[in-house]
Number of protein chains: 2
Amino acid sequence: MTRSEENYLKTIFHLGGGDSKSITTNAIAEQMETKPSSVTDMAKKLSEKGLVDYVRYQGVSLTAVGVKTALSIIRKHRLWEVFLVKKLDFTWDEVHEVAEQLEHIKSEKLVDKIDELLDFPKYDPHGDPIPTKDGKFQERDEKLLSEMPINSQGVCVGVKDSSVPFLKFLDKNRIALGNTIKVLDKEDFDNSLRIQMEGKEMRISHQIAANLYVKKND
Amino acid sequence: MTRSEENYLKTIFHLGGGDSKSITTNAIAEQMETKPSSVTDMAKKLSEKGLVDYVRYQGVSLTAVGVKTALSIIRKHRLWEVFLVKKLDFTWDEVHEVAEQLEHIKSEKLVDKIDELLDFPKYDPHGDPIPTKDGKFQERDEKLLSEMPINSQGVCVGVKDSSVPFLKFLDKNRIALGNTIKVLDKEDFDNSLRIQMEGKEMRISHQIAANLYVKKND
DNA sequence: AATTAAATTTAGACAAATCTAAAAATAGAT
DNA sequence: ATCTATTTTTAGATTTGTCTAAATTTAATT
Ligand SMILES: [Mn+2]
Ligand SMILES: [Mn+2]
Ligand SMILES: [Mn+2]
Ligand SMILES: [Mn+2]
């Protein structure tokens, strides 16, 4: 497994190729900021290795082995992100770049020990679930804040967009995972929301609300 | 800086190329288990970049920038080794392989935070000094056990050979860094030693004694 | 069904890092 | 000083991953 192969598998998984859905070379190229022709080359190679199913002009999807491999890389990525935040005081907007490198370190013992050191976390700093060693996800009943009905309550558990600017924006506005949220009102005009967060009332644009995951209280 | 370039700089440094001593392409090739012709190619590239001085048929030595770069990689390598032992319960014979990968992770903040987490260690698990951020070494007055006079005493502080077999041998024979050592007798015939280690008397071959560093008591 | 636009693949090139085999330079020994 | 063995470099090939430009296939539109 080269680093490049690992990155392709991860990207295909993130684009939904884990559910035998066919992902186009164009989509992969765009996501990876590379050229479609490069993706075609790699599709052939990964297909040779039995990691993806590839049909010319139709796109690729992950095989069972491909899914397993992708999940192990995602597991490493997210565990390292937790490590950086919990043990080294990185902020949640700094960890992704470093985790992109650390996820390629080859040592099963290292991953397992980091997992143990962190007390087997289930979610990463952005609220994304960490696959277990055998590739199982911790499912969670969450929905986007923008889809919560008026007067419903919940806890902020994740971000959909985990870009640096968005994360910094959230920090600046004191919006953090774990905060309690109540939807007070929706503005029809621009779909903005009036919410109560940790007791304090505030207004939030639709773009923000559509990128925050909330676990609804029963 | 590619990973390969970093490995060349590190190797040249370990072969003594940091003191403007010229290291031959053959020596580098042997150490890195590669071919002399590959080393020549890289020597040219590193020379272009101002990291080594290279004279055809004469070998290479590190420039000031080259030394600085090599030291920063060695610093990372050794800090990661300490991390693996102290925080993740790796044994001292397991860490080198993983550190070979981790030393190439690019994040100044990561190294500094690991350093801080470990409380700024001065030596790695094999007793090798860890360069400071500005490239200074912790010098230590140590000598090989094989060169200690009879009746002298000291503390075992490092290994010269840090191969897996040697480290495992030391474990098996309860020889560890930090142990107190007194030289009781030398056997002229095979240069073996009779020593007292942590109070217990034992016999040690020359080959072992010539690979153990001891800090002599005054 | 034919035409056109878009997506995808192929063909050929390139950079990085390596290798093999041949050529050149150096160092050692007569 | 010349020869010889060794070291080192060059030249050319290979692999991996990428790119551009041209060709092909597919999908959409008339
Ligand atoms: Mn990430
Ligand atoms: Mn994340
Ligand atoms: Mn090491
Ligand atoms: Mn070491």
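To find a chain, count down the sequence lines: A is the first, B the second, and so on, and within it residues start at 1.
- At a threshold of 4.0 angstrom between heavy atoms, the contacts of B/S4 are confined to the sugar-phosphate backbone, with no base atom among them.
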Every protein N/O within reach of nucleotides 24-26 of chain D N/O, cut-off under 3.5 Å:
{"from": "D/dT25", "atom 1": "O4'", "to": "A/Y57", "atom 2": "OH", "distance (Å)": "3.3"}

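- By the 30° and 60° cut-offs, the orientation of the rings of A/H77 relative to A/H96 is tilted.
- Heavy atoms of other residues, nucleotides or ligands lying less than 6.0 angstrom from CD of B/E97 number 12 at most.
- Considering A/D124, A/D134, A/D112 as possible partners of A/R75, the one that fulfils the salt bridge (charged side-chain N to carboxylate O under 4.0 Å, His left out) test is A/D112.
- Judged by closest nucleotide on DNA chain D, B/A27 is the one of A/P36 and B/A27 placed further toward the 5' end.
- Rounded to a whole Å, the CD1 atom of A/I23 is 16 Å from the P atom of C/dA7.
- The side chain of A/T25 places an N or O atom within less than 4.0 Å of a non-bridging phosphate oxygen (OP1 or OP2) of C/dT9.
- The number of heavy-atom neighbours closer than 6.0 Å to NZ of B/K106, taken from other residues, nucleotides and ligands shown, is above 12.
- Screening residues 25-40 of chain A for side chain to side chain donor-acceptor pair (under 3.5 Å), with sequence neighbours left out, gives no hits.
- To the nearest angstrom, C1' of C/dT9 lies 16 Å from CE of A/M42.
- At the heavy-atom level, A/S38 lies under 4.0 Å from base atoms of the strands shown.
- Candidate nucleotides C/dT9, C/dT18, D/dT18 were compared by shortest atom distance to the side chain of A/T40, and C/dT9 ranks first.
- The separation between B/Y8 atom OH and C/dA16 atom P is 14 Å, rounded to whole Å.
- Remark: C1' of C/dA7 and CG of A/N26 are 6 Å apart, rounded to the nearest angstrom.
- The CD1 atom of A/I28 sits 13 Å away from the P atom of D/dT18 (whole-angstrom rounding).
- Atom CZ of A/R3 is separated from atom C1' of D/dT18 by 16 Å (rounded to the nearest Å).
- Between A/E108 and the choices A/K76, A/K133, A/K113, the side chain to side chain contact (heavy atoms under 4.5 Å, CB included) rule is met once, by A/K133.
- Rounded to whole Å, the distance from NZ on B/K35 to P on D/dT7 is 14 Å.
- Atom CD of B/E30 is separated from atom C1' of D/dT8 by 15 Å (rounded to the nearest Å).
- Side-chain N/O atoms of A/S37 include none lying less than 4.0 angstrom from OP1 or OP2 on D/dT18.
- Stacking of B/R140 on the aromatic ring of B/Y123 is recorded, both the 6.0 Å distance cut-off and the 45° axial limit being met.
- Within the structure, a side-chain polar atom (N or O) of B/Y54 is placed less than 4.0 Å from OP1 or OP2 of D/dT9.
- Listed pair B/K44 / D/dT9 fails the phosphate criterion, with no side-chain N or O lying under 4.0 Å from OP1 or OP2.
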